[in-house]
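Shown next, in structure tokens, is the structure this report addresses.
Naming convention: chains lettered A, B, ... in sequence-line order (proteins, then strands); numbering from 1 in each chain.
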Amino acid sequence: MSEERSLNFLEEIVEEDLAAGKNNGHVLTRFPPEPNGYLHIGHAKSICLNFGLAQRYGGQTNLRFDDTNPSKEETEYVDSIKADVKWLGFEWANELYASDYFDKLYEFAVALIKKGLAYVDDSTAEEIASQKGTPTEAGTPNQYRSRSIEENLQLFADMKAGKYPDGAKVLRAKIDLASPNMLMRDPLMYRIKHTHHHRTGDKWCIYPMYDFAHGESDAIEEITHSVCTLEFVSHRDLYNWFIEKLEIFPSKQYEFARLNLNYTVMSKRKLLQLVEEKFVDGWDDPRMPTISGLRRRGYTPGSIREFCERIGVAKRENMIDVGLLEFCIREDLNKTAWRRMAVLDPIKMVITNYPGGQTETLFSENNPEVEGGEGGRDIPFSNELWIERDDFMEEPPKKFFRLGVGLMVRLKSAYIVKCDSFVKDADGNVTEIHCTYIPESKSQNDTSGIHVKGTIHWVSVSHAITAEVRLYDRLFKVEDPSNEDGDFKEYINPDSLQVLTQAYIEPDMATAIPGKGYQFMRKGYFTLDKNSTADKLVFNRTVTLKDSWKAPQPPKGGA
RNA sequence: UGCCUGAUAGUAUAAUGGUAGUACGACGGUUUUUGGUACCGUUUGUCUAGGUUCGAAUCCUGGUCGGGCAACCA
């Protein structure tokens with residue numbers, strides 16, 4: 001499978017480690033989300049990376065929830081994260097929580113105090129911040145920094161025992177207030193938070209900070225390669241410092257560039273705003289870049305894995321075109337989606353030489369990409385059909401391979417028809433198209449000798465079923481909403497959702513299968529929405545088909 | 001302003017001192033009962049100025065530009 005693909009820098013590191021005999025040849029990675037939101041496509045990159053790296057080298061991956069800040073974390077998020085990782089197709093070796101290690105972490109902190117490497121500080125947050133200095137000026141020590149080990153031990157025990165209110169004291173590592181790395185200027189290890197934790201309940205009122213939990217958790221689990229994103233580069237010094245002073249398993253941290261996708265936002269904070277302020281229908285709104293949103297939209301796990309593979313891994317900031325994501329889902333669905341006919345913007349076609357009231361049944365295969373077509377279904381045909389409004393033009397331009405008076409097209413899986421005339425209402429809108437069909441041109445049995453350039457889709461008026469179809473477009477009008485002036489929400493695309501309440505679909509779709517991708521021929525890929533019921537079918541458009549047809553004159557003046 | 005980090009076609013990503021390649025996109029063509037798919041072709045690139053070397057995208061020096069760091073968030 002891996003062919004001659006060249007290695008990314010993380011794979012190179014692992015191979016070097018393996019060649020050097022490190023960790024007895026073991027590879028153990030971890031995916032460490034904080035359960036404070038839903039996973040998005042950026043997490044998918046990290047998941048594919050961590051699980052993929054382990055898989056490739058015969059190792060395993062832990063799923064570890066980084067739940068050290070109880071005020072932001074909820075079980076709802078834990079559940080959704082587990083569901084999303086599974087859906088993507090990965091199996092973790094162990095389901096773990098940083099909160100599993102609170103006792104151990106407390107012991108680690110005590111050990112550091114005993115070594116004179118940590119102290120309790122009574123300063124306020126503001127005082128601590130100002131005492132840290134600036135990037136160009138060293139920080140200044142306060143009187144708490146020189147507390148005795150015994151006093152620190154007692155104070156820390158009292159913190160744990162709940163003797164102090166939130167914010168009264170913190171535990172800090174005693175490192176270097178003049179370090180050029182701001183994170184090394186006596187970083188906080190523990191803060192007081194009298195807050196209920198989603199797993200440990202009210203057992204604790206002090207909670208470790210990220211920097212004092214992450215590397216330690218890695219070490220406890222004996223993670224060999226701890227992969228994270230670039231913004232943690234400056235944390236690596238601290239990560240290593242704690243491991244060294246604690247003399248625990250030497251996990252190593254490596255950083256890669258996070259995924260940025262254009263026309264969307266990726267930060268949990270912003271996604272949360274979109275949900276809370278009702279700009280979208282929830283975390284799984286099909287316009288959201290969340291895993292659950294993509295799933296509801298009709299993306300498959302394989303297409304997302306393929307996308308993550310194609311975007312590559314490096315240390316350079318990047319902005320990936322959503323077009324690549326769309327390419328991946330089209331490539332997948334083209335091979336698997338069953339073809340169906342649906343008319344989204346209907347106009348009536350009357351076949352004047354076909355007997356009214358007569359119905360015949362035509363057969364059409366499910367999937368032309370697969371040998372044998374994966375079976376097929378019967379489609380009823382009659383003298384009145386719905387066709388797509390834009391498949392007819394009053395004054396067709398030169399290379400318009402559809403309908404206009406005098407033009408011929410094939411009706412997919414049926415007959416060739418010739419347009420004779422059309423009917424307009426009082427306002428000048430075309431309301432009906434009149435055609436004659438060529439009986440000898442029936443699909444599979446065409447003896448007419450006529451060849452036409454265009455084939456269009458259709459559904460029989462008296463047999464069609466009605467459905468709601470939701471068309472989605474990019475959520476934002478600009479490539480990088482976070483980087484524009486003002487609030488990112490000002491750049492939301494007002495037309496990101498278009499609801500068609502009266503689309504006509506071939507009757508076979510009454511039994512559409514939830515979770516399956518369908519191609520509405522010539523219109524795109526669609527899937528049943530979770531709001532769909534037997535009485536009211538609702539389809540989401542996953543993505544359009546690639547469309548290389550360009551009208552000679554652009555329909556609307558773009559910028 | 002200090003420290004850390006990065007810079008290869010439009011976008012990503014290879015080339016590990018020895019022919020700058022691949023994918024997506026764009027453009028053109030062939031096939032087609034989907035203006036889809038498939039297939040074929042074209043297009044565009046090493047941030048900059050020096051240096052080392054027979055030879056530099058790669059090594060060295062300076063500059064330029066991008067990203068990150070001064071949360072009791074992760």
Using a cut-off of under 3.5 Å, enumerate the N/O to N/O pairs linking the protein to nucleotides 70-74 of chain B.
unit_1, atom_1, unit_2, atom_2, d
B/C72, N4, A/S123, O, 3.1
B/C72, N4, A/A125, N, 3.4
B/C72, N4, A/G167, O, 3.0
B/C73, OP2, A/R191, NE, 3.2
B/C73, OP2, A/R191, NH2, 2.9
B/C73, O3', A/R191, NH2, 3.2
B/C73, O2', A/N69, ND2, 3.1
B/C73, O2', A/K72, NZ, 2.9
B/A74, OP1, A/T68, OG1, 2.7
B/A74, OP1, A/R191, NH1, 3.4
B/A74, OP1, A/R191, NH2, 2.8
B/A74, OP2, A/Y210, N, 2.9
B/A74, O4', A/E34, OE1, 3.4
B/A74, O3', A/D66, OD2, 3.4
B/A74, N6, A/H235, NE2, 3.1

### Message
Restricting to side chain to side chain donor-acceptor pair (under 3.5 Å), what partner residues turn up for A/R402, sequence neighbours left out?
### Response
A/D391
### Query
Could a donor-acceptor pair under 3.5 angstrom be found where the side chain of A/R316 meets the base of B/G66?
no
### Length of the OH-C1' vector between A/Y437 and B/U33, whole Å
18 Å
#### Entry: Dot-bracket summary - RNA chain B, pairs being Watson-Crick or G-U whose distances fall under 3.5 Å, with | when paired to another strand
.((((((..((((....[..)))).(((((.......)))))....(((((..]....))))))))))).....
What nitrogen or oxygen pairs link the protein and nucleotides 23-28 of chain B at under 3.5 Å?
unit_1, atom_1, unit_2, atom_2, d
B/A23, O2', A/R310, NH1, 2.5

### Message
Strictly below 4.0 Å: does A/S6 bring a side-chain N or O up to OP1 or OP2 of B/U13?
### Response
no
### Value in whole Å for how far the P atom of B/A12 lies from CZ of A/F256
16 Å
### Task
Find which nucleotide of RNA chain B each of A/L411 and A/K45 is nearest to by heavy atoms, and output the residue with the more 5' nucleotide.
A/K45
## Note on the structure
Sequence neighbours excluded, the answer for salt bridge (charged side-chain N to carboxylate O under 4.0 Å, His left out) partners of A/K169 is A/D122
### Query
So does A/R258 get a side-chain nitrogen or oxygen closer than 4.0 Å to the phosphate oxygens (OP1/OP2) of B/G67?
no
I'd like a table of atom pairs between the protein and nucleotides 39-43 of chain B - only N or O on both sides, under 3.5 Å - with the distance next to each one.
none

